[in-house]
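A quick write-up on the structure given underneath.
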Amino acid sequence: MNRPVTALFAALEALLVVGVGVGIPLVVLTSLWAFQYGLQIDWIVFWRAAVDSWLVGHGADLTLQLSADAAAATGVTGADAPIVVSLAAMGFAALTVLMGVRAGRAAGETAHRVTGVLVTIGTVALLSLALTASAQHELARPSLWQGTLLPTLVYAVPVVAMAEVTRRRRGEPADPVTGAVVGLLSRLPGQVTGIAAAALRLGATAAAAVLAASALVVTVLIVTSYAEVITLYEGAHGGFLGGLALTVGQLALIPDVVVWAASWLVGPGFAIGTGSSISPLGTAVGPMPAIPLLGALPTADLTFGFVGLLVPVVAAYVCVTVLRPRLQRMLAGHGVDDLLHRIATAVVGGLVGGVLLGLLAWAASGSAGPGRLTEVGPDPLLVGGFAALEFAVAGALAMVVSPPRFVGDRAERPTSSTDEAPTRDARRDAEPATASATERASAARPDGDDTERIEGLTR
């Protein structure tokens, strides 16, 4: 494809990403507008609600304001104060990341990679700005700069990363900017680059393992709390379309709940409202919103809850044990494969894993409404600190005491096969020699018939 065609396809890719993200809530809300509200409300209200949902899903703050009549009808003191919703429904962001990976791969496979990347990111930025501006209202105002920047950033990171990965796989030359960055990294000492590369792999793998365990825990809780979830659905009295809209909103919150579960396993836990705490060491909750998904959360102390603290430690130990041969080869390639540098790699890897989980905890926390709901989610600093400590200790222990025979150390295999090779070669060489000697002995020995004739003549 030439440059204009590449730019056109990149722009269409960005339009698809934004269209799918906004279209999912818009279809459900439009169905409510048509069938449940009988077209009696202006459709633009549902358009703004769909756009607000998409923007909140990418971390943009949404400021809500009750009208004077609605605030007075509630009878609650301070109901007329602005309500800030900053809790990101990360399901929308996860969808954007997945589609960004696809767009980055597509851009990386073209001859004009830089053009495709810049055009698709720029198009998302323009569309985000237009959507945020269209959703402005005196009763619901998404932050204009956050609504423009955050969706673009969430999309740009996977696009750039996947385009670079595709370029390396195809063996194509780097663009000037990428070449300059690679040149700067190549000037770093070998010890730094070796430890950094191994630590990034280690930290990302450990964090992913904890998130996988958290997803499993969430699944088990939802299945075992099925009755409570259904009861809350029935109490909502939303009908089919209302239940569908509620389900879509909860699906967008599933990544947040998984991060909350990871925070619980790490130790600090999370909160559903000011003054509440849900952690392995204790649970104290107050009134919670009647959201069916929250019916799966534990509301009392768990007898063996402290066992959950072992999950991140065991996950980090297993990850380091499995990755140890590869990590040692990476360190050996930079000439730093010794005990001290292995421990340093484990410590830095623990910091990387802690930072990753801390960032996810930051995205999964914030304000979800007025009153107690101004504090929802985990504490990012505590989650990151606890995770870094647990990953670092377990990783250092695995780097020090794991026997190579249990971790599949391939470094010993060539040696053992080389040592056995001369024995096999000598055996193969000895077998023909033995066979030749046997044949010569047989040829020299007289046949049985000749022997009998000689014995008869002698008699």
Side-chain angles (χ1 to χ4, degrees), residues 87 90 202-229 250 253-273 275-286 288 291-323 346 349-365 375-398:
L87 177 65
M90 292 195 297
L202 174 59
T205 304
V210 172
L211 290 175
S214 304
L216 180 61
V217 170
V218 171
T219 303
V220 172
L221 287 175
I222 292 176
V223 172
T224 56
S225 304
Y226 181 79
E228 290 82 354
V229 173
Q250 291 178 108
L253 286 173
I254 286 291
D256 299 74
V257 178
V258 172
V259 175
W260 295 353
S263 304
W264 189 90
L265 293 175
V266 169
F270 58 95
I272 304 293
S276 65
S277 175
I278 302 176
S279 70
L281 302 180
T283 299
V285 296
M288 293 191 300
I291 299 176
L293 184 61
L294 298 182
L297 297 180
T299 57
D301 294 342
L302 299 178
T303 305
F304 297 100
F306 63 91
V307 177
L309 297 173
L310 297 177
V311 172
V313 177
V314 173
Y317 186 88
V318 171
C319 289
V320 176
T321 301
V322 173
L323 293 177
L351 292 176
V352 171
V355 169
L356 292 177
L357 289 182
L359 289 176
L360 290 175
W362 170 75
S365 61
E375 295 183 11
V376 175
D379 187 326
L381 294 179
L382 288 179
V383 172
F386 273 66
L389 178 62
E390 293 164 355
F391 290 163
V393 172
L397 185 63

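Everything numeric in this text was worked out from a predicted model, so none of it was measured. The figures here come from the full heavy-atom set of this structure, side chains too, leaving out hydrogens, waters and symmetry mates.
Closest of all the heavy-atom pairs between W264 and I278 is CD1-O, 3.5 Å. Of all non-hydrogen atoms in A364 and M90, the two that sit nearest each other are CB-CE, 3.9 Å. Listed here is the closest heavy atom pair of E228 and G295: CB-O, 3.9 Å. Across every non-hydrogen atom of L309 and P280, the tightest pair is CD2-CG, 4.0 Å. The minimum heavy-atom distance between G395 and A346, with the atom names listed, is C-CB, 3.4 Å.
In this structure, the separation between CG on L360 and OG on S263 is 9.0 Å, given to the nearest 0.5 Å. Here the CG atom belonging to L323 is positioned 5.0 Å from the OG1 atom belonging to T205, to the nearest 0.5 angstrom. The OG atom of S277 lies 10.5 Å from the CD1 atom of I272; values are rounded to the nearest 0.5 Å.
For A271, the side-chain contact (heavy atoms from CB on, under 4.5 Å) partners two or more places apart in sequence, or in a different chain, are S276. Scanning for side-chain contact (heavy atoms from CB on, under 4.5 Å) contacts around V355 gives L359, with sequence neighbours left out. Under the side chain to side chain donor-acceptor pair (under 3.5 Å) criterion, Q250 pairs with Y233, sequence neighbours left out.
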Residue pair I254, L293: steps toward the side chain to side chain contact (heavy atoms under 4.5 Å, CB included) verdict: CA-CA 9 Å; I254 286 291; L293 184 61; 4.1 Å; yes

Side chains of residues 209-222: which donor-acceptor pairs under 3.5 Å do they make with residues two or more places apart or in other chains?
from	atom 1	to	atom 2	distance (Å)
S214	OG	V210	O	2.8
S214	OG	A262	N	3.2
T219	OG1	A215	O	2.9

Contacts table for residues 375-392: side-chain donor-acceptor under 3.5 angstrom, sequence neighbours left out:
from	atom 1	to	atom 2	distance (Å)
D379	OD1	L381	N	3.1

